[in-house]
Amino acid sequence: MAATDSEGDKSRAGAQDFIRMEVAKDLRSGRFDQVVTRFPPEPNGYLHLGHAKAICLDFEIAAEFGGQCNLRFDDTNPLREEQEFVEAQKEDIRWLGFDWGEREYYASDYFEQLYEWAEQLIRQGLAYVDDQSAEEIRVNRGTLTDPGRESPFRDRTPEENLDLFRRMRAGEFADGTRVLRARIDMAAPNINMRDPVLYRIRHATHQRTGDRWCIYPMYDWAHGQSDSLERVTHSLCDLAYEIHRPLYEWFIQKLSIFPSRQIEFARGNITYLVTSKRRLRLLVERGHVQGWDDPRMPTLCGLRRRGYTPEAIRRFWHEVGVAKRETNIDIAKLESCVRDHLNRTAPRVMSVLKPLKVVITNYDEAATEELEAVNNPEDPAAGTRQVPFSRTLYIEQDDFMEDPPKKFFRLAPGREVRLRYAYYITCQDLVKDDTGNVVELHCTYDPQTRGGDAPDGRKVKATLHWVSGRHALRAEVRLYDRLFRVPEPLADADEDAWMDRLNPESLQVLTDCLVEPGLDAALPGERYQFERLGYFCVDPESWTAAAAGRLVFNRTVTLRDTWARLQARQSS
RNA sequence: AGCCCGGUCGUUCAAUUGGCAGGACAACGGAUUUUGGUUCCGUUUAUCAAGGUUCGAAUCCUUGCCGGGCUGCCA
């Protein structure tokens, strides 16, 4: 039912996180005889990497214990939620590799049952209608150090409460004039227990129940009871809800309903990223990114467009694990996971991002030949392909230096290198423009080295990727980098400072790239390794007018680059 | 301030629940390599502090220190 990535991951063999241990213990002790989990998104935004952690946990734990995971939309606030988000979220969860079967539920499906339970609480003297204003309720709730004050309406009789509550439902009262509150303890040190609000009046049309209701349940009242109704055994959630657990359990006890167990875990923050719906929305609204699916966004749709694979994301969270302490995971871990998966699966092609013209002076002007290239050295089954070679080629500008420093192994005047799958070439001459930039190289090739090996056994220190000028396809390549300049954009500053820490170079668009001709059939979403450069994914805008009819590639992640690291070390 | 939660290599998760502190990522060195990729080998680095219990403590107890969360009719 659900995808798992445990195979091949020997690192965590035998290791158990605290949640799995608790689940196993509950099964052993007989507290539960099966495992049911749920993923409960509110349909008011796009799912991101942080949600992916919860999704993986909920679905994988259920699968591991032979149970099931429900998808339940927490649609209790008609003012913020929209049906379009439901569809987007379902698509993202499916893409991640999980299947909830027929178990697609909505908190709004339980509104009637919730209402009946509320009446039950009222009859038990455990809930009351409060006529105080929102402001009065806030003031009377007390503070972190001072107990709250009881509402003057707290001791209404069950009969009076029932009457008022029914009239609330019937629409007799205006928004904000009354609420239903649980009657617990206004002096409780846990503020959540100071008579929490259960229902508020909202004359608003709900995306699923229409105008049937004008009172809507609050999170605490709807969520736990929905868990219970679905006989969810383990309700996994963010640490933020830890302080709500006493209330979660209070409802279960007072209502004598199925005792779901809430277990909290720490969210996983990732360096150079922000994952909060509110902040992501700001990035979109203020135009710092081009939309929710901008490849720089940590949303699942953004990552998908960037070229991340579901396997890599699942593997990432699996390797990171889960605990109760707040974490800040190095984004290098995420990048390592995509590289690992793409290394095994992505076909290799040659692409020149910043072309430098190379003329092979001793190669026949009219000739073209086909050379055999390996599609994926990690996967022999991927086979080979033919790549055209001719007198005029292009190589990467970065692969030539007129005056190379010590450890630079690539092409330079007088030096011989190999063109991948082709020939050894030697740089004989160079042409500069008026401003002194090298714009063209004149090289000779050694016909004996066809395919890339010299019969005399001589070695070269570098192998360069290249394309044939006559055959190559023009393409646009979008180079993405980290969205923020600093590892912790939210660290110790005022509330809005994070936006000043955006990386101005997180997107670099290259429109004069050249790719080998075999890519003329590439489809949006396909992922390739551009040899020696990185992993790239075909963007949906490919071939469209917006892209001048060209292919568009998004860079998912660079290859590990020890040369770049060397350079960085030397310059610092 | 009151309440709750948490502190293990640079990062993250472990340690058969009281028995040799280990893995992954990162970093560094080396080998292999027609990708300065991959792969392989190796190296460096950690139990917040002080007491206590114990033959033995990352684990249990006490105190302290540090970090995070909580005062929506949001979820």
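Each chain gets a letter, A, B and so on, in the order the sequences are listed, and its residues count up from 1. Hydrogens, waters and symmetry mates play no part in the numbers below; they use all other heavy atoms, side chains included.
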Nearest whole Å is fine: how far is B:U33 C1' from A:Arg532 CZ? 14 Å
Side chains of A:Asp195 and A:Tyr128 only: does a donor on one sit below 3.5 Å from an acceptor on the other? yes
Can you check the distance between B:A75 and B:G36, where both ends of the measurement are the C1' atom (answer in whole Å)? 49 Å
Contact class for A:Asn44 vs. all strands (heavy atom < 4.0 Å): base, sugar-phosphate, or nothing? nothing
Strictly below 4.0 Å: does A:Arg267 bring a side-chain N or O up to OP1 or OP2 of B:G68? no
Could you check whether A:Asn44 and A:Glu82, counting side-chain N and O atoms only, form a donor-acceptor pair closer than 3.5 Å? no
Taking atom C1' in both B:A50 and B:U44, compute the distance separating them and give it to the nearest angstrom. 29 Å
Modelled atom types, side-chain donor and acceptor of A:Arg527 and A:His341, under 3.5 Å: no
Taking atom P in both B:C41 and B:A24, what distance in whole Å separates the two? 10 Å
For A:Met168, is there any backbone N or O sitting under 3.5 Å from a side-chain donor or acceptor partner on A:Glu172? no
Atom CD of A:Glu319 and atom P of B:U12: how far apart are they, to the nearest Å? 15 Å
For the aromatic rings, using the six-membered ring if either is Trp, is the centroid distance between A:Phe530 and A:Phe536 under 6.0 Å? yes
Euclidean distance for C1', B:A31 against B:C13 (whole angstrom): 30 Å
Between P on B:C25 and CZ on A:Arg315, what's the gap in Å once rounded to a whole number? 9 Å
For A:Asp109, the salt bridge (charged side-chain N to carboxylate O under 4.0 Å, His left out) test, sequence neighbours excluded, returns A:Arg208
On RNA chain B, compare the nucleotides closest to A:Thr327 and A:Phe408; which residue's is nearer the 5' end? A:Thr327
With sequence neighbours left out, which residue pairs that include part of residues 175-190 of chain A fulfil the salt bridge (Lys or Arg N to Asp or Glu O under 4.0 Å) condition? A:Asp130-A:Arg181, A:Asp131-A:Arg178, A:Asp155-A:Arg183
Write out a two-atom table: protein N or O, nucleotide N or O from nucleotides 41-44 of chain B, distance below 3.5 Å.
none

Taking the C1' atom of each, how far is B:G10 from B:C28, in whole Å? 13 Å
5'-most contact on RNA chain B: A:Arg245 or A:Leu419, nearest heavy atom basis? A:Arg245
So for A:Arg410 and B:G36, does any side-chain atom that can act as donor or acceptor lie under 3.5 Å from a complementary atom in the base? yes
When rounded to the nearest Å, what value does the distance between P atoms of B:G22 and B:U47 take? 13 Å
Give the dot-bracket string for RNA chain B, reading 5' to 3', where a pair is Watson-Crick or G-U wobble with both distances under 3.5 Å, ( ) marks pairs inside the strand, [ ] marks pairs crossing earlier ones, | marks a partner on another strand, and . marks unpaired. .((((((..((((.....[..)))).(((((.......)))))....(((((..]....))))))))))).....
Residues in salt bridge (charged side-chain N to carboxylate O under 4.0 Å, His left out) with A:Lys324, at least two apart? A:Glu242
Please work out if A:Glu242 contacts a base, only the sugar-phosphate, or nothing of the nucleic acid, heavy-atom cut-off 4.0 Å. sugar-phosphate
Check side chain to side chain donor-acceptor pair (under 3.5 Å) between A:Gln529 and all other residues, then give those that pass, not counting sequence neighbours. A:Tyr535
Specify whether A:Tyr115 and A:Phe165 have parallel, tilted or perpendicular ring planes, treating 30° as the upper limit for parallel and 60° as the lower limit for perpendicular. parallel
At under 4.0 Å between heavy atoms, how does the protein contact nucleotides 69-75 of chain B? Give one character per nucleotide, 5' to 3', with B, S or -. BBBSBBB
Rounded to the nearest Å, what distance is computed from the CZ atom of residue A:Phe409 to the P atom of nucleotide B:G37? 11 Å
With a non-hydrogen cut-off below 4.0 angstrom, is A:Tyr216 in contact with a base, only sugar-phosphate, or nothing? nothing
So, A:Gln448 and A:Tyr423: side-chain donor and acceptor under 3.5 Å apart, yes or no? no
Return yes if a side-chain donor-acceptor contact under 3.5 Å exists between A:Thr463 and A:Arg418, otherwise no. yes
Sorted by chain and residue number, the side chain to side chain donor-acceptor pair (under 3.5 Å) partners of A:Arg482 (sequence neighbours excluded) come out as A:Glu335
Interatomic distance where CZ belongs to A:Arg565 and C1' belongs to B:G29 [whole Å]: 12 Å
Just checking A:Arg560: base, sugar-phosphate only, or nothing, at a heavy-atom cut-off of under 4.0 Å? sugar-phosphate
Can you sort out the partners of A:Val387 under side-chain contact (heavy atoms from CB on, under 4.5 Å), two or more places apart, ordered by chain and number? A:Met350, A:Ala373, A:Arg385, A:Trp466, A:Glu516
Base, sugar-phosphate, or nothing for A:Lys461, non-hydrogen atoms under 4.0 angstrom? nothing
Test: salt bridge (Lys or Arg N to Asp or Glu O under 4.0 Å). Region: residues 143-153 of chain A. Which pairs qualify, not counting sequence neighbours? A:Glu150-A:Arg154
Is B:G72 syn or anti, taking syn as a glycosidic angle within 90° of 0? syn
Is there a donor N/O on one and an acceptor N/O on the other, under 3.5 Å, for the side chain of A:Gln529 and the base of B:U35? yes
Separation of the P atoms in B:U71 and B:C65, to the nearest angstrom: 25 Å
Below 4.0 angstrom, which residues in residues 334-351 of chain A have at least one non-hydrogen atom near RNA chain B? A:Ser336, A:Asn343, A:Arg348
Just N and O in the side chain of A:Arg569: are any of them under 4.0 Å from OP1 or OP2 of B:C28? yes
Rounding to an integer number of angstrom, what distance separates B:C60 and B:U54 when you compare their C1' atoms? 10 Å
Counting the atoms with a prime plus P, OP1 and OP2 as sugar-phosphate, which does A:Tyr424 contact under 4.0 Å by heavy atoms, base, sugar-phosphate, or nothing? nothing
For atom CH2 of A:Trp563 and atom C1' of B:G36, their distance in whole Å: 9 Å
Please find out if less than 6.0 Å separates the ring center of A:Tyr248 from that of A:His244. no
Closest to the A:Ala323 side chain, choosing from B:U35, B:A14, B:G36: B:A14
note: A:Phe530, atom CZ; B:U38, atom P; distance rounded to Å ~ 19 Å
Syn within 90° of 0, anti beyond: B:U16 is anti
Whole Å only: how far is the CZ atom of A:Arg418 from the C1' atom of B:G36? 13 Å
Sequence neighbours excluded - salt bridge (Lys or Arg N to Asp or Glu O under 4.0 Å) pairs with any residue from residues 260-274 of chain A: A:Glu22-A:Arg261, A:Asp26-A:Arg261, A:Arg245-A:Glu264
